[in-house]
Trainee: 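Here it is: the structure, laid out below.
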Amino acid sequence: MKKIIIIGDGGHSKVILDIILYSNDYEVVAILDDKYACVTKRDGRLLGPLSYLSKFKQIDTKVIIAIGSNAVRKKIVEQLRLEEKQYVTLIHPTAMISSTASIGCGTVIMPHAVINAEASIGEHCIINTGAIVEHENHIESYVHISPNATLTGRVKAEEGAHIGAAATVIPGCTIGRWSVIGAGAAVIKSIPAHATAVGCPARTVKQGEKYNHGVVM
């Protein structure tokens with residue numbers, strides 16, 4: 001069985017571990033997180049700091065970053081400088097993926113998510129439980145689409161965007177880079193970069209480069 005290392009040991013990591021165990025394609029050999037000062041074991045798996053990843057360089061081991069924050073995922077990718085082929089794309093067996101959709105490395109597709117025709121998903125994204133990405137959507141890297149959110153046809157979500165739980169984005173809208181759409185929002189027009197938008201219809205309530213991007217709403 002192929003081996004995999006999970007980066008991150010928080011709540012999102014538990015969901016990732018469930019997908020791996022359910023799919024039965026990989027053996028989890030280590031969970032690495034800098035909250036561990038030294039190496040220990042849990043359920044037969046190594047636990048240790050991120051620096052321990054170097055110990056696996058000579059082994060054909062895949063990596064998945066199990067961090068919910070878009071900004072932190074990107075920071076870790078830049079820190080690790082791994083080859084693209086070392087990252088695995090995880091798709092839960094209950095997800096529905098069109099044969100014409102494309103999905104980037106390091107992305108996770110959760111249970112009962114739907115990715116429809118000609119949608120493209122970037123690298124290191126999270127398509128969460130029950131989320132719907134409709135036809136011809138273009139999702140850039142480090143995007144998080146939360147549970148039961150719906151992106152209707154030809155929506156563009158730029159790098160780092162976070163779409164809150166049960167939010168809806170109507171056709172043709174663009175969600176700007178590192179913007180946050182609040183839970184339950186109805187987006188009926190494009191949202192600029194570095195903004196927070198909430199409500200029905202969604203309205204921008206905060207915008208600026210210094211916003212703490214990637215925070216789950």
Side-chain angles (χ1 to χ4, degrees), residues 10-12 15-16 19 65-74 77 89-92 95-98 101-104 106-209 211-217:
H12 188 61
V15 180
I16 297 297
I19 292 175
I65 300 177
I67 304 288
S69 165
N70 299 338
V72 174
R73 278 200 314 287
K74 182 173 182 179
V77 168
T89 298
L90 292 178
I91 300 174
H92 194 278
M96 297 179 62
I97 313 295
S98 168
S102 62
I103 301 172
T107 285
V108 178
I109 312 295
M110 299 289 191
H112 305 291
V114 177
I115 312 295
N116 270 330
E118 298 185 21
S120 64
I121 313 293
E123 299 177 356
H124 304 286
C125 293
I126 300 169
I127 311 300
N128 223 311
T129 307
I132 298 174
V133 177
E134 272 296 347
H135 62 90
E136 301 166 280
N137 273 220
H138 178 63
I139 311 300
E140 295 185 354
S141 297
Y142 307 106
V143 169
H144 186 163
I145 301 176
S146 297
N148 297 313
T150 299
L151 275 60
T152 56
R154 297 180 180 174
V155 169
K156 181 177 182 181
E158 296 181 342
E159 179 180 295
H162 180 96
I163 315 297
T168 300
V169 184
I170 71 167
C173 289
T174 294
I175 308 301
R177 54 188 285 112
W178 300 101
S179 286
V180 176
I181 306 301
V187 178
I188 62 172
K189 63 181 181 179
S190 294
I191 302 298
H194 305 284
T196 299
V198 299
C200 295
R203 68 191 190 284
T204 298
V205 295
K206 184 182 291 187
Q207 187 173 4
E209 294 282 348
Y211 183 69
N212 184 21
H213 307 300
V215 174
V216 175
M217 296 293 286

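All heavy atoms count here, side chains included; hydrogens, waters and symmetry mates do not. Residues: numbered from 1 along the sequence shown.
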Trainee: Closest approach of Val187 and Cys173, non-hydrogen atoms and distance?
Mentor: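 Where Val187 meets Cys173 most closely, the heavy atoms are O-SG, 4.1 Å.
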Trainee: Take Glu158 and Thr174 through the test side-chain contact (heavy atoms from CB on, under 4.5 Å) and record every step on the way to the result.
Mentor: CA-CA 7 Å; Glu158 296 181 342; Thr174 294; 3.8 Å; yes
Trainee: When rounded to the nearest 0.5 angstrom, what is the spacing between CG in Leu151 and CD in Glu134?
Mentor: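 Separation between the atoms: 9.5 Å.
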Trainee: Would Thr150 and Val169 count as a side-chain contact (heavy atoms from CB on, under 4.5 Å) here? Give the steps.
Mentor: CA-CA 6 Å; Thr150 299; Val169 184; over 6 Å; no
Trainee: Please report the interatomic distance CD1(Ile97) to CD1(Ile127), rounded to the nearest 0.5 Å.
Mentor: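 Rounded to the nearest 0.5 Å, the CD1-CD1 separation comes out at 8.5 Å.
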Trainee: Please test His124 against Ser141 for side chain to side chain donor-acceptor pair (under 3.5 Å), starting from the C-alpha separation and ending with a verdict.
Mentor: CA-CA 6 Å; His124 304 286; Ser141 297; over 6 Å; no
Trainee: Using side-chain heavy atoms (C-beta onward) and a distance below 4.5 Å, is Val77 in contact with Ile65?
Mentor: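 Val77 reaches Ile65 side chain to side chain.
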Trainee: For the atom pair CD (Glu136) and CD (Glu118), what is the distance rounded to the nearest 0.5 Å?
Mentor: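 Output value for this atom pair is 5.5 Å.
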Trainee: So which atom in Gly172 and which in Ser190 form the shortest heavy-atom distance, rounded to 0.1 Å?
Mentor: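 Of all heavy-atom pairs spanning Gly172 and Ser190, the closest is O-OG, 4.5 Å.
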Trainee: Nearest heavy-atom pair of Thr129 and Met110: which atoms, and what distance?
Mentor: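 Shortest heavy-atom contact: N-CB, 3.3 Å.
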Trainee: Drop me the distance from Ile103's CD1 to Leu90's CG, to the nearest 0.5 angstrom.
Mentor: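 Answer for the CD1-CG pair, Ile103 versus Leu90, is 11.0 Å.
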Trainee: Mind listing the closest non-hydrogen atom pair of Thr152 and Pro171 along with its distance?
Mentor: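 The answer is OG1-N, 2.8 Å.
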Trainee: Check whether any side-chain heavy atom of Ile145 lies under 4.5 Å from a side-chain heavy atom of Ile139, and answer yes or no.
Mentor: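 The answer is yes, as the side chains (C-beta and beyond) meet within the 4.5 Å cut-off.
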Trainee: Any side-chain heavy atom of Ile16 sitting closer than 4.5 Å to one from Val108?
Mentor: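 Yes, at least one pair of side-chain atoms sits under 4.5 Å.
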Trainee: Do His144 and Asn128 come close enough that some side-chain heavy atom pair is under 4.5 Å?
Mentor: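 His144 reaches Asn128 side chain to side chain.
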Trainee: Does Lys156 come within less than 4.0 Å of Glu140, counting only side-chain N to carboxylate O?
Mentor: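 Between Glu140 and Lys156 there is a salt bridge, with a charged N closer than 4.0 Å to a carboxylate O.
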Trainee: Could you tell me which non-hydrogen atom of Thr204 sits nearest to which non-hydrogen atom of Pro192, and how far apart they are?
Mentor: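 Closest approach of Thr204 to Pro192: OG1-CD, 4.0 Å.
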Trainee: Salt bridge (Lys or Arg N to Asp or Glu O under 4.0 Å), that's the test. Do Lys74 and Glu159 meet it? Break it down for me.
Mentor: CA-CA 10 Å; Lys74 182 173 182 179; Glu159 179 180 295; 2.6 Å; yes
Trainee: Enter the distance from His135:NE2 to Ser98:OG here, rounded to the nearest 0.5 Å.
Mentor: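 The OG atom of Ser98 is 11.5 Å from NE2 of His135, to the nearest 0.5 Å.
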Trainee: Any side-chain donor-acceptor pair under 3.5 Å between His162 and Ser179?
Mentor: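 Distance-only check fails for His162 and Ser179.
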Trainee: Once the angle between the rings of Tyr142 and Trp178 is folded into 0 to 90°, is it parallel (under 30°), tilted (30 to 60°) or perpendicular (over 60°)?
Mentor: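 Correct class here is parallel.
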Trainee: Can His12 and Ile67 be said to form a side-chain contact (heavy atoms from CB on, under 4.5 Å), step by step?
Mentor: CA-CA 6 Å; His12 188 61; Ile67 304 288; 5.7 Å; no
Trainee: Would you confirm whether Asn148, through its side chain, and Ala166, through its main-chain N or O, come within 3.5 Å as a donor-acceptor pair?
Mentor: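 No, the answer is negative, given that no donor and acceptor are paired below the 3.5 Å cut-off.
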Trainee: Give the minimum heavy-atom separation between Ala197 and Ile191, together with the two atoms involved.
Mentor: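 Nearest pair, atom of Ala197 first, then Ile191: CB-CD1, 3.8 Å.
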Trainee: Say you draw a straight line from CD1 of Ile188 to OG1 of Thr168; how long is it, rounded to the nearest 0.5 Å?
Mentor: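 Here the rounded value is 12.0 Å.
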